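Only a predicted model underlies this, so the values are computations on that prediction, with no experimental measurement involved. A note on names: the letters A, B, ... follow the listed sequences, proteins ahead of strands, and every chain is numbered from 1. All values below come from the heavy atoms of this structure, side chains included, with hydrogens, waters and symmetry mates left out.
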2 protein chains.
Amino acid sequence: MKFSTKAEYGLRAMVNLASCFPELKNIKSISQEEKISAKYLERLIGELRERKIVKSLKGKNGGYVLARKPEQITAGEIIEIMDGSMVPKCYGNQCTHMKTCASSFVWIKLGEQIRKTLYGIKLGDLIK
Amino acid sequence: MKFSTKAEYGLRAMVNLASCFPELKNIKSISQEEKISAKYLERLIGELRERKIVKSLKGKNGGYVLARKPEQITAGEIIEIMDGSMVPKCYGNQCTHMKTCASSFVWIKLGEQIRKTLYGIKLGDLIK
DNA sequence: TTAAAGCATACTAAATTAGTAGGATATAAA
DNA sequence: TTTATATCCTACTAATTTAGTATGCTTTAA
């Protein structure tokens, strides 16, 4: 089981913005500090902007700010946006986690725990 | 975050064997019952054999049996073998989850929870 | 002796991931 | 009002991983 670098990059960038909240910071600075390709990061943060995690300001002296306070944004939100669903599914949509499928219990239980864990961690918790 | 079908196939196959434990079952039967490519499954179960989850009996009337009782095999063992490590790491091995890396807390915490959950589920729990 | 099983290895096709490239658009400051 | 600096948008590509095939060898119970 893996997480993509996308989730990791996204989280790191948001933690970075949380650290300077409520100041603006531009892609160039974030990418240098976090050692992530600027162009790639630009796209990732774009997705987080669509989903209202960050706000952007265009033009000179522009950049990004968290759309909410660090205490009001969870790791789960960010990771779910970056990585897609956190609930593993049985293959080919044939199994829709029916009661008759014994092993589906494992994925359901696990999905619950993962959500519980990640939605319980706020950016505010990570910057102390 | 995703699990591969490999982990799912492996788990399903082991649950299947748990259901008929301690009887032998051959690849052909398992693959038909679980609707998984026989040749692919053969390889997957091969890995589980190397790691002592199942025992095999070659030759006519051969097949596979769980190497231990269903109560003594956990979902975590199987999934870890099939899927590799369950602990997500920071990128490029540059970050080794240091205390200075704020976001690494998330992956460490999550890894713990995943392990706790999956190692807490035994095959025996799944076949009732 | 032989048919039925697992064992081993190499190959391939499809999907996903991780980026690049190039420009269009917006805007604050000079 | 011009210009530099930033985000925004879309298409392309390279690398890796996943999922699955193919082929043949080895073992062994009947």
Please work out which residues in residues 42-50 of chain A have a non-hydrogen atom less than 4.0 Å from an atom of DNA chain D and list them by number.
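DNA chain D contact set from residues 42-50 of chain A: A:E42, A:R43, A:R49.
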Interatomic distance where [atom1] belongs to [X] and [atom2] belongs to [N] [whole Å]:
X: B:L41; N: D:dA19; atom1: CG; atom2: P; value: 13 Å
X: A:I30; N: D:dT5; atom1: CD1; atom2: P; value: 18 Å
X: B:M82; N: D:dT17; atom1: CE; atom2: P; value: 17 Å
X: B:K60; N: D:dT27; atom1: NZ; atom2: C1'; value: 14 Å
X: B:L17; N: C:dG6; atom1: CG; atom2: P; value: 11 Å
X: A:Q32; N: D:dA6; atom1: CD; atom2: P; value: 11 Å
X: B:D83; N: D:dT17; atom1: CG; atom2: P; value: 13 Å

Between B:L118 and B:T74, which heavy-atom pair has the shortest distance, and what is it?
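Scanning both residues, the minimum pair turns out to be O-CB, 4.0 Å.
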Establish, with yes or no, whether the OP1 or OP2 oxygen of [N] is under 4.0 angstrom from a side-chain nitrogen or oxygen of [X].
X: B:S4; N: D:dT17; result: no
X: A:N26; N: D:dA6; result: yes
X: A:S56; N: D:dA6; result: no
X: A:S37; N: C:dT20; result: yes
X: A:N61; N: C:dA29; result: yes
X: B:Y40; N: D:dA22; result: no
X: B:T5; N: D:dA19; result: yes
X: A:Y9; N: C:dG19; result: yes

Would you give the length of the straight line joining atom CD of B:E23 to atom CG of B:L66, rounded to the nearest 0.5 angstrom?
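These two atoms lie 12.0 Å from each other.
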Nearest 0.5 Å please: distance from the OH atom of A:Y40 over to the NZ atom of A:K6.
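Reported value, rounded in 0.5 Å steps: 6.0 Å.
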Only counting residues at least two apart or in another chain, list the ones meeting side-chain contact (heavy atoms from CB on, under 4.5 Å) with B:K58.
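B:K58 satisfies side-chain contact (heavy atoms from CB on, under 4.5 Å) with no other residue.
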Can you check whether A:E34's main-chain N or O pairs, donor with acceptor, with A:R12's side chain at less than 3.5 Å?
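Yes, A:R12 side chain to A:E34 backbone: donor-acceptor pair under 3.5 Å.
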Does NZ belonging to A:K25 count more than 12 external heavy atoms closer than 6.0 Å?
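Yes - once you tally the heavy atoms of other residues, nucleotides and ligands closer than 6.0 Å, there are more than 12.
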As a test of reading the structure: which of D:dG20, C:dG6, D:dC8 is closest to the side chain of B:K58, going by heavy atoms?
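In terms of side-chain proximity for B:K58, the closest of D:dG20, C:dG6, D:dC8 is C:dG6.
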With distance as the sole criterion, do the side chain of A:K39 and the base of C:dG23 form a donor-acceptor contact below 3.5 Å?
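When only heavy-atom distances are counted, A:K39 does reach the base of C:dG23 through a donor-acceptor pair under 3.5 Å.
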Check the side chains of B:S29 and B:N26 for a donor-acceptor pair under 3.5 angstrom, ignoring hydrogens and angles.
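Yes, because at least one side-chain N or O of B:N26 sits under 3.5 Å from a partner of the opposite role on B:S29.
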Can you list every pair that meets salt bridge (charged side-chain N to carboxylate O under 4.0 Å, His left out) and has a residue in residues 118-128 of chain A, with sequence neighbours left out?
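Listed by first then second residue: nothing to list.
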How would you label the contact of A:K28 with the nucleic acid (heavy atoms, under 4.0 Å): base, sugar-phosphate, or nothing?
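Nothing: the residue A:K28, judged by heavy atoms under 4.0 Å, touches no strand.
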